[in-house]
Amino acid sequence: MQLFVLGIWSLVGLAIAHPGHDIQQEIQARARGLEDSPRDISHCAAELKARGLEQRTVERRTEILRGAREKRGLLTNPLSIKARDTPSVLQTNHSSPVSYDPETPLSTIFAGNKSCILMPEVTEGPYYVSGELIRSDLREPATQKGIDLIIDIQVIDVSTCKPLSEVMVDIWAANATGVYSGIVNPGNGNGDPGNKETTFGRGLQMTNEDGVANFTTIYPGHYTGRTQHIHVATHLNGVIFADNNTFQGATVAHIGQIFFDQSLSDSIENDSVYQANQQPVTTNAQDGVFLQEAAIGDPVVEYSLLSDSVQDGVFAWISFGIDVTKSEEIFAAAAHH
Ligand SMILES: *[C@@H]1O[C@H](CO)[C@@H](O)[C@H](O)[C@H]1NC(C)=O
Ligand SMILES: *[C@@H]1O[C@H](CO)[C@@H](O)[C@H](O)[C@H]1NC(C)=O
Ligand SMILES: *[C@@H]1O[C@H](CO)[C@@H](O)[C@H](O)[C@H]1NC(C)=O
Ligand SMILES: *[C@@H]1O[C@H](CO)[C@@H](O)[C@H](O)[C@H]1NC(C)=O
Ligand SMILES: *[C@@H]1O[C@H](CO)[C@@H](O)[C@H](O)[C@H]1NC(C)=O
Ligand SMILES: *[C@@H]1O[C@H](CO)[C@@H](O)[C@H](O)[C@H]1NC(C)=O
């Protein structure tokens, strides 16, 4: 039944995957999805602290950062913790309550409340591919270049403020030069039919008892009409195919997009790999989905560079609230096969 539904919608998905994809239409559909949703999870701060979750979050994120630095031989390099540059996250009234400087304790930084809501909705954008691999490392270095991005994602139930375990977190993003895997994307500078067989930048992880999943991927590039972003969906049910380590969701309750500070993306795009991206630049301030999400929450990840050089990689973290009573079909542009 689900596969049947996905099959039908794949035609629609491919139609809107054309360069003419109407972002205004997507934004309007997202706005409708938001109408009856809670706005953020700041009301959960006290509850999460009381449950000891905040402390474990601090410890986990500290450990991920330390481990990532160690693996890359960067432990003795100076660490560059960057504050979100609130003033440059334009036009919106979302602002960071905490200002960071290099002396700010890690506990303050990692305990941050930055969060947004994944919406119950069906406007996942035109690039969703179903049936992807369950894996934490999405980089595929044999064919893909770019700067490492390690991301810690936490999923919280907006009504109970409890972390949600055993939720399948599904992420997908364009590569350093703004191309998605798994589909043919002529509008994004890659009309190669062979690209349909690729899987880079896509994968799923199940949340643990603290509602957390982590990924290592490549910092995404911009593409025509869009600023750098990562799509996130959560699946509350579906099937794990152990034979080939893939997952087929039955419904997708929540979809959202996460973003980066403009100054971080600017320094990333200064790297020669990203400079090869021929597509026109869209900044956060020019991206309608960014502005829409920023008006109701904070869709920008908090982050630290792994060293003082952006090329050594970025560690980012964010929490999402979801409403477990909401579930929708997801429309896939294609199926991984
Ligand atoms: C990140 O996720 C992987 C795969 O699920 C897990 O083995 C690892 O322990 C996680 N890392 C941390 C620091 O939690
Ligand atoms: C934030 O800005 C949006 C758009 O201008 C507005 O609708 C909303 O009421 C503002 N929220 C607050 C808390 O000021
Ligand atoms: C988290 O949110 C709570 C409630 O809004 C606030 O009191 C606290 O200062 C915030 N903490 C951080 C680190 O932002
Ligand atoms: C992005 O993916 C396309 C299609 O596979 C590939 O041609 C291109 O080299 C990739 N970009 C980078 C920077 O690896
Ligand atoms: C880009 O690189 C140049 C040369 O290394 C440097 O001067 C400039 O500050 C960089 N810009 C950003 C945004 O990082
Ligand atoms: C994985 O196995 C399932 C069940 O047999 C199948 O439907 C799916 O197409 C397979 N996926 C891939 C990528 O081979």
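All of these numbers come straight from a predicted model, not from anything done at the bench. Atoms within each ligand, like the ligands themselves, are counted from 1 in listed order.
Side chains of Thr283 and Gln286: a donor on one and an acceptor on the other come within 3.5 Å. Between the side chains of Thr216 and Asp137, no donor-acceptor pair of N or O atoms lies under 3.5 Å. A side-chain donor-acceptor contact under 3.5 Å links Asp271 and Gln311. A side-chain donor-acceptor contact under 3.5 Å links Tyr180 and Tyr223. In this structure, a donor-acceptor pair under 3.5 Å is present between the side chains of Thr246 and Asn244. Inspection of the Glu209 and Ser165 side chains reveals no N or O donor paired with an N or O acceptor under 3.5 Å.
Counting the atoms of ligand 4 from 1 in the order shown, those under 4.0 Å from a heavy atom of Val273 are 13 (C). Residue Thr177 approaches ligand 4 through these ligand atoms, each under 4.0 Å from one of its heavy atoms: 1 (C), 8 (C), 10 (C), 11 (N), 12 (C), 13 (C). Residue-ligand proximity, Gln144 to ligand 4, at heavy-atom distances under 4.0 Å covers atoms 1 (C), 2 (O), 5 (O), 10 (C), 14 (O).
Contact annotation: for Thr143 versus ligand 4, heavy atoms closer than 4.0 Å belong to the backbone alone.
Distance from atom 7 (O) of ligand 4 to its nearest protein heavy atom, with residue and atom name: Asn190 ND2, 4.0 Å. When only non-hydrogen protein atoms are considered, atom 14 (O) of ligand 4 lies nearest to Lys145 N, 3.0 Å. In this structure, atom 10 (C) of ligand 4 lies nearest to the protein heavy atom Asn175 ND2, 2.6 Å. Protein heavy atom closest to atom 5 (O) of ligand 4, with residue, atom name and distance, is Asn195 OD1, 3.3 Å.
The closest approach between Phe200 and ligand 4 falls below 4.0 Å for a heavy atom of the residue. Distances shorter than 4.0 angstrom occur between a heavy atom of Thr246 and an atom of ligand 6.
If you take NE2 on His222 and CD1 on Ile268, they are separated by 13.5 Å, rounding to the nearest 0.5 Å.
Side chain of Arg202 to main chain of Glu132: no donor-acceptor pair is present (N/O by atom type, distance under 3.5 Å, no hydrogens or angles).
Distances from atom 11 (N) of ligand 5 to the heavy atoms of Ile268, Val310, Asp266, Asn270 show the closest one on Asn270. Compare Asn244, Ile240, Val239 by their heavy atoms: the one nearest to atom 2 (O) of ligand 6 is in Asn244.
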